[in-house]
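Read through the structure below, which is laid out as structure tokens, and then see the notes.
First listed ligand is number 1; within each ligand, the first listed atom is number 1.
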Amino acid sequence: MNIIVTGGAGFIGSNFIYYMLKKHPSDRIICVDKLTYAGNLETLEAAMEKKNFKFIRADIADRQAVYRIFEQEKPDIVVNFAAESHVDRSIENPEIFLQTNVIGTSVLLDACRKYGIDRYHQVSTDEVYGDLPLDRPDLFFTEETNLKTSSPYSASKAGADLL
Ligand SMILES: NC(=O)c1ccc[n+]([C@@H]2O[C@H](COP(=O)([O-])OP(=O)(O)OC[C@H]3O[C@@H](n4cnc5c(N)ncnc54)[C@H](O)[C@@H]3O)[C@@H](O)[C@H]2O)c1
């Protein structure tokens with residue numbers, strides 16, 4: 001299977017890529033990452049040596065680039081880790097969070113519809129549900145919990161989830 005993993009040069013995406021390469025060695029992983037300040041290509045050095053791994057530098061909000069990648073790589077599955085992910089930065093400069101997290105997700109979903117991809121995983125965050133008190137370990141969120149965003153970061157992630 002061909003699996004597109006976006007944001008794979010970041011913290012969680014890179015760990016997911018190594019997990020998949022080990023656990024599913026017959027699958028092909030195509031990492032799509034813009035390499036913002038948060039992306040680090042060095043973390044993928046060992047993956048680059050594998051025949052079933054490919055890195056493509058691209059912005060998930062760039063519709064033409066994303067469609068081209070889907071046409072060339074013919075993914076069966078798409079896993080979207082790509083995001084602006086730091087809360088403090090979202091308060092200083094919200095726009096790039098809306099661009100990547102909302103528009104980028106929307107472009108990926110459109111690409112999945114256009115190219116008939118049935119399986120798409122959106123990586124969200126617990127922050128869409130707000131905060132839990134530290135002294136109440138008995139409380140927890142479920143997917144039925146109401147959304148209660150508290151920053152442009154969590155608002156943009158909730159927007160992506162709703163799409
Ligand atoms: N780290 C956490 O504690 C945490 C917790 C909950 C959810 N999440 C979610 O998990 C996902 C991964 O988080 P992380 O901590 O690995 O993030 P990260 O900031 O370490 O990595 C994000 C990656 O996305 C890439 N990227 C950013 N904008 C892009 C764009 N427009 N197009 C393509 N690539 C782009 C960056 O270059 C980087 O490699 C995010 O969706 C985040 O919201 C993270």
Side-chain angles (χ1 to χ4, degrees), residues 2-21 29-48 53-73 75 77-112 114-115 117 119-132 134 139-143 145-163:
N2 292 334
I3 305 172
I4 285 185
V5 178
T6 70
F11 170 44
I12 305 177
S14 57
N15 282 284
F16 176 74
I17 285 172
Y18 283 112
Y19 170 84
M20 290 298 287
L21 288 172
I29 306 280
I30 304 104
C31 172
V32 176
D33 197 297
K34 186 181 173 186
L35 292 181
T36 67
Y37 76 95
N40 182 1
L41 208 45
E42 279 176 30
T43 59
L44 292 174
E45 251 172 29
M48 298 282 194
F53 177 81
K54 181 174 181 181
F55 179 83
I56 301 174
R57 185 172 192 178
D59 183 341
I60 59 164
D62 179 342
R63 188 174 292 274
Q64 275 189 342
V66 168
Y67 285 3
R68 204 165 43 239
I69 291 166
F70 274 58
E71 258 164 47
Q72 279 168 4
E73 305 302 333
I77 300 175
V78 176
V79 186
N80 181 25
F81 287 95
E84 286 292 334
S85 69
H86 292 166
V87 176
D88 292 354
R89 292 173 67 95
S90 81
I91 293 161
E92 307 249 315
N93 180 15
E95 198 168 320
I96 186 65
F97 285 73
L98 303 180
Q99 184 65 20
T100 287
N101 300 0
V102 182
I103 303 295
T105 297
S106 148
V107 167
L108 289 174
L109 290 171
D110 283 347
C112 286
K114 184 172 163 70
Y115 295 100
I117 288 64
R119 191 164 165 192
Y120 172 91
H121 291 267
Q122 173 69 13
V123 177
S124 185
T125 171
D126 59 310
E127 295 203 29
V128 298
Y129 302 117
D131 298 313
L132 289 172
L134 286 173
L139 297 179
F140 52 89
F141 298 131
T142 73
E143 287 182 353
T145 305
N146 287 334
L147 296 175
K148 194 175 176 214
T149 63
S150 58
S151 70
Y153 166 64
S154 54
S156 67
K157 293 295 288 186
D161 292 352
L162 293 169
L163 285 177

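When the shell of 6.0 Å around CZ of F11 is examined, it contains 12 or fewer heavy atoms from other residues, nucleotides or ligands. Within a 6.0 Å sphere centred on OH of Y37, other residues, nucleotides and ligands contribute more than 12 heavy atoms.
Separation of atoms OG (S156) and CD (E127) is listed at 10.0 Å; rounding is to 0.5 Å. To the nearest 0.5 angstrom, K54 atom NZ is 10.0 Å from N2 atom CG.
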Side-chain donor/acceptor pairs under 3.5 Å, residues 90-99, sequence neighbours excluded:
unit_1: S90; atom_1: OG; unit_2: V87; atom_2: O; d: 2.7
unit_1: S90; atom_1: OG; unit_2: Y153; atom_2: N; d: 3.0

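A side-chain donor-acceptor contact under 3.5 Å links T6 to the backbone of F81.
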List ligand 1's nitrogen or oxygen atoms that come under 3.5 Å of a protein nitrogen or oxygen, with the partner atom and distance.
unit_1: ligand 1; atom_1: 16 (O); unit_2: F11; atom_2: N; d: 3.2
unit_1: ligand 1; atom_1: 16 (O); unit_2: I12; atom_2: N; d: 2.7
unit_1: ligand 1; atom_1: 17 (O); unit_2: S85; atom_2: OG; d: 3.4
unit_1: ligand 1; atom_1: 19 (O); unit_2: S85; atom_2: OG; d: 2.8
unit_1: ligand 1; atom_1: 20 (O); unit_2: F11; atom_2: N; d: 3.0
unit_1: ligand 1; atom_1: 31 (N); unit_2: D59; atom_2: OD1; d: 2.8
unit_1: ligand 1; atom_1: 31 (N); unit_2: T100; atom_2: OG1; d: 3.0
unit_1: ligand 1; atom_1: 32 (N); unit_2: I60; atom_2: N; d: 3.0
unit_1: ligand 1; atom_1: 34 (N); unit_2: K34; atom_2: N; d: 3.0
unit_1: ligand 1; atom_1: 37 (O); unit_2: D33; atom_2: OD1; d: 2.6
unit_1: ligand 1; atom_1: 37 (O); unit_2: L35; atom_2: N; d: 3.4
unit_1: ligand 1; atom_1: 37 (O); unit_2: T36; atom_2: N; d: 3.0
unit_1: ligand 1; atom_1: 37 (O); unit_2: T36; atom_2: OG1; d: 3.2
unit_1: ligand 1; atom_1: 39 (O); unit_2: G10; atom_2: N; d: 3.0
unit_1: ligand 1; atom_1: 39 (O); unit_2: D33; atom_2: OD1; d: 3.3
unit_1: ligand 1; atom_1: 39 (O); unit_2: D33; atom_2: OD2; d: 2.6
unit_1: ligand 1; atom_1: 41 (O); unit_2: F81; atom_2: O; d: 3.2
unit_1: ligand 1; atom_1: 41 (O); unit_2: K157; atom_2: NZ; d: 2.6
unit_1: ligand 1; atom_1: 43 (O); unit_2: Y153; atom_2: OH; d: 2.6
unit_1: ligand 1; atom_1: 43 (O); unit_2: K157; atom_2: NZ; d: 3.1

